[in-house]
Every structure is written in C-alpha cells, then in structure tokens.
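What you are looking at is a predicted structure, and each value in this text was computed from that prediction instead of being measured.
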Amino acid sequence: MGFLTGKRALIVGLASKRSIAWGIAAAMHREGAELAFTYQNDKLEQRVSKMAAELGSDISLPLDVSSDDEIKSVFTELAKAWDGLDIVIHSVGFAPKELLAGRYVDSVTREGYQIAHDISAYSFAALAREAQPMLRSGGALLTLSYLGAERSIPNYNVMGPAKASLESNVRFLAADFGPVNIRVNGISAGPIKTLASSGVGNFRKLMQHSAAATPLRRNVTIEEVGNATAFLCSDLAAGITGEILHVDCGYSTVGMSFSIDDDEEVLA
C-alpha cells in the first residue's frame with residue numbers, strides 16, 4: 001500500500017510524457033492516489049485522456065487557466081465524480097516566446113509581463129480559491145517553480161518575476177489555508193527539457209552548464225521531481241508548508257563551479 005492511498009489528486013498542466021506533471025502523476029499513481037487531469041485545449045484532449053487512462057483515470061476536464069469560468073467549471077464537474085479532494089498540482093507556466101530571448105530589458109513588454117504573471121502565478125491562487133469547497137483537511141496544494149525566481153538566468157527573462165510572484169503566492173496561501181489544515185508548497189526544479197522550456201533561448205546550453213555545475217554532476221529528472229512532489233503532498237510531510245523545495249541536484253547550493261587543483265592555494 002502506497003503512502004498516498006486514499007488520496008485524490010487533481011493535476012493541472014499535463015501535456016506530454018516529457019511534462020513534469022507526468023512524472024508527478026506517475027509517482028502519485030504508484031503510491032496509490034486516485035487521479036484526475038485537465039487539458040488545455042481540444043488539441044490536447046485525446047493525448048491527455050490516453051495518458052490518464054494509463055494511470056487508471058477516466059477524468060479529464062478542459063481547462064484554460066486564463067479563464068475564471070473554466071477554473072470554476074473544473075471543480076463543478078469534478079464534484080460530480082468525487083465527494084472530496086486532497087491534492088491540487090499546479091504545473092503551469094507561460095510567457096510569449098519573444099520575451100524569452102535576448103536581454104530582459106529589451107524583450108519585456110507590458111502585455112507580455114501581464115500574460116506571464118496571469119498564467120504562471122495568478123492561476124495558482126485562482127485554482128486554490130475554487131478548490132476550497134472540495135478540499136479535505138490534511139490536503140495539499142503544490143506548484144512548480146524554478147531558480148529564475150531567485151536569481152537572474154540568461155533568457156529566462158520575464159518568467160523570473162512571474163515565478164517570484166508564484167513563490168510569494170505559496171507563502172500567502174500557506175497562511176490562509178493553514179488554519180483548516182491544508183498545506184501549500186512549491187518545488188523549484190532544475191532545468192528539464194519539456195515542451196515549455198524548449199521556448200527559452202539557448203536552453204540546451206543552459207542544460208549543459210547546469211549538469212556540469214551541480215554537485216551531482218547531472219540534471220534532475222521528471223521522476224525525481226515526481227517523487228519529491230508525492231512526498232510533499234503526503235501525510236509524511238504533514239509539518240511542511242509555505243516552503244519552496246529545491247529539487248535540482250544541488251545546483252542552487254553552488255556559488256562557483258570551477259575546480260581548484262590540489263596544488264593551488266585555497267583562500268580561508
């Protein structure tokens with residue numbers, strides 16, 4: 001019996017088996033959770049429904065997180081199948097592609113800034129608000145972030161401020177939901193080649209640098225992010241809320257990545 005047996009989880013953001021959401025869904029299924037999914041548009045409906053079926057789920061609901069009506073509708077429809085909900089996974093992020101190349105100051109626009117924050121950050125709060133009536137005590141909300149929320153990353157540009165806003169959401173929502181015993185956390189995952197990340201300029205170079213600079217000398221996998229997410233959403237993590245957990249092979253802990261030869265003097 002897995003440590004999520006008896007839990008019901010809604011996973012928002014699944015697009016393909018390269019998605020971090022797929023790694024999360026697979027880990028939660030393995031640990032016994034019952035799953036429901038959303039798909040962004042008609043183009044993805046069949047693909048997401050097929051992946052859901054592989055994980056024993058027949059619940060796939062349409063959701064464009066830029067629409068308040070669709071966010072409300074998801075939980076109205078979900079309530080017809082489930083009498084309660086334990087976990088909501090927010091694996092969503094977007095900015096117009098032209099904003100993810102070159103210098104931040106040159107590429108950022110008012111409209112693009114608003115879109116990035118709306119889709120990547122506000123949508124988490126909107127999902128949390130509409131999920132409230134279904135959420136059971138002991139439940140968990142979790143979102144996916146990246147180191148660009150804390151530090152400047154080449155070409156990540158407007159997504160940096162958007163992810164910083166998302167991480168602030170985690171702290172405020174944790175304070176709001178804590179009194180009813182619902183926890184809110186985020187995972188800051190290392191770079192992973194997903195459909196979304198492929199739009200970031202020089203992403204391959206970023207991946208190579210990260211793999212060489214992490215203490216583990218490799219990049220993280222969607223399976224590892226999935227395992228960490230399953231833990232944070234389980235009763236095993238009942239005392240953890242308002243946190244951003246780095247699952248990045250230690251990259252966020254490194255100040256300098258060059259090596260020092262044995263015969264070189266090391267500054268004390």
Side-chain angles (χ1 to χ4, degrees), residues 11-16 18-21 24 38-41 43-44 62-71 74 88-131 141-174 184-207 210 222 225 244-248 251-252:
I11 297 179
V12 178
L14 179 63
S16 76
R18 288 168 52 192
S19 301
I20 293 176
I24 293 171
T38 68
Y39 55 88
Q40 183 182 2
N41 51 43
K43 182 180 179 181
L44 290 174
L63 176 59
D64 178 347
V65 296
S66 67
S67 167
D68 288 333
D69 288 341
E70 288 198 22
I71 293 175
V74 160
V88 177
I89 300 298
H90 174 266
S91 183
V92 179
F94 175 78
K97 188 174 182 178
E98 61 270 20
L99 272 67
L100 302 177
R103 298 200 311 164
Y104 170 74
V105 70
D106 296 328
S107 66
V108 69
T109 64
R110 185 182 302 275
E111 181 183 8
Y113 193 92
Q114 292 171 340
I115 290 171
H117 281 71
D118 181 19
I119 303 300
S120 308
Y122 172 74
S123 62
F124 185 46
L127 284 167
R129 181 172 57 245
E130 298 304 326
L141 306 170
L142 186 136
T143 189
L144 275 299
S145 188
Y146 176 58
L147 189 63
E150 306 169 47
R151 306 178 192 177
S152 63
I153 305 291
N155 299 132
Y156 200 60
N157 292 359
V158 74
M159 282 301 295
K163 289 294 188 180
S165 175
L166 176 65
E167 292 189 4
S168 184
N169 265 273
V170 168
R171 293 183 285 273
F172 277 89
L173 290 171
V184 185
N185 291 295
I187 282 184
S188 182
I192 295 174
K193 189 175 182 181
T194 64
L195 291 175
S197 65
S198 63
V200 178
N202 291 319
F203 182 73
R204 180 180 296 180
K205 189 174 182 180
L206 184 151
M207 289 279 287
S210 176
I222 62 170
V225 177
I244 306 297
L245 174 65
H246 291 86
V247 184
D248 60 2
Y251 183 85
S252 57

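- Nearest heavy atom pair, residue Asn169 against residue Ala125, reads OD1-CB, 3.3 Å.
- Ile71 places a side-chain heavy atom less than 4.5 Å from the side chain of Leu63.
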For this session: Under the side-chain contact (heavy atoms from CB on, under 4.5 Å) rule, what do Asn41 and Leu44 come out as? Steps first, then yes or no, please.
Result: CA-CA 6 Å; Asn41 51 43; Leu44 290 174; 3.6 Å; yes
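- Proximity of Ile115 to Pro96: side-chain heavy atoms (C-beta onward) are separated by under 4.5 Å at one or more points.
- Partners of Tyr39 under the ring pair (Phe, Tyr, Trp, His ring centres under 6.0 Å) rule, at least two apart in sequence or in another chain, do not exist in this structure.
- Here the side chains of Ser120 and Val92 are not in contact, with every heavy-atom distance at 4.5 Å or above.
- For the side-chain contact (heavy atoms from CB on, under 4.5 Å) criterion with Val170, the lone passing option out of Thr143, Leu142, Leu141 is Thr143.
- The nearest pair of heavy atoms linking Ile11 to Ala21 is CG2-CB, 4.0 Å.
- A distance of 11.5 Å separates CD of Glu167 from CG of Asn185, quoted to the nearest 0.5 Å.
- The aromatic rings of His90 and Phe124 sit tilted relative to each other, their planes meeting at an angle between 30° and 60°.
- For the atom pair OG (Ser210) and NZ (Lys205), the distance works out to 14.5 Å, reported to the nearest 0.5 Å.
- Asp248 CG to Ile192 CD1: the interatomic distance, rounded to the nearest 0.5 Å, is 10.0 Å.
- The two residues Ala121 and Ala162 make their nearest non-hydrogen contact at CB-O, 3.6 Å.
- Atom CD1 in Ile244 sits 12.0 Å away from atom OG in Ser252 (nearest 0.5 Å).
- Between Ser91 atom OG and Leu14 atom CG the span is 8.5 Å, to the nearest 0.5 Å.
- Within the 4.5 Å cutoff, side-chain heavy atoms of His246 are placed close to those of Glu150.
- Contact check for Leu99 versus Tyr104: no side-chain heavy atoms found under the 4.5 Å cut-off.
- The two atoms that bring Asp64 and Glu70 nearest to each other are N-OE1, 2.7 Å, heavy atoms only.
- Counting heavy atoms from C-beta outward, Val12 and Leu127 have side chains that approach closer than 4.5 Å.
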For this session: Step by step, work out the side-chain contact (heavy atoms from CB on, under 4.5 Å) result for Val65 and Ile119.
Result: CA-CA 6 Å; Val65 296; Ile119 303 300; 4.1 Å; yes
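- Between Val108 and Asn157 there is no side-chain heavy-atom pair separated by less than 4.5 Å.
- Between the CZ atom of Phe94 and the CD atom of Gln40 there is a distance of 8.5 Å, given to the nearest 0.5 Å.
- With hydrogens and angles disregarded, a donor-acceptor distance shorter than 3.5 Å links the side chain of Ser16 to the backbone of Arg18.
- In terms of modelled atom types and a separation under 3.5 Å, the side chain of Lys163 and the main chain of Leu144 share a donor-acceptor contact.
- Scanning for salt bridge (charged side-chain N to carboxylate O under 4.0 Å, His left out) contacts around Arg103 gives Asp106, with sequence neighbours left out.
- Scanning all heavy atoms of the two residues, the minimum distance from Ile20 to Ala189 falls at CD1-CB, 4.3 Å.
- Of all heavy-atom pairs between Ser188 and Leu147, the closest is OG-N, 3.3 Å.
- Asp69 and Ser67 form no side-chain donor-acceptor contact under 3.5 Å, judged by distance and modelled atom types alone.
- Side chains of Pro191 and Tyr146 form a contact here, defined as non-hydrogen atoms less than 4.5 Å apart.
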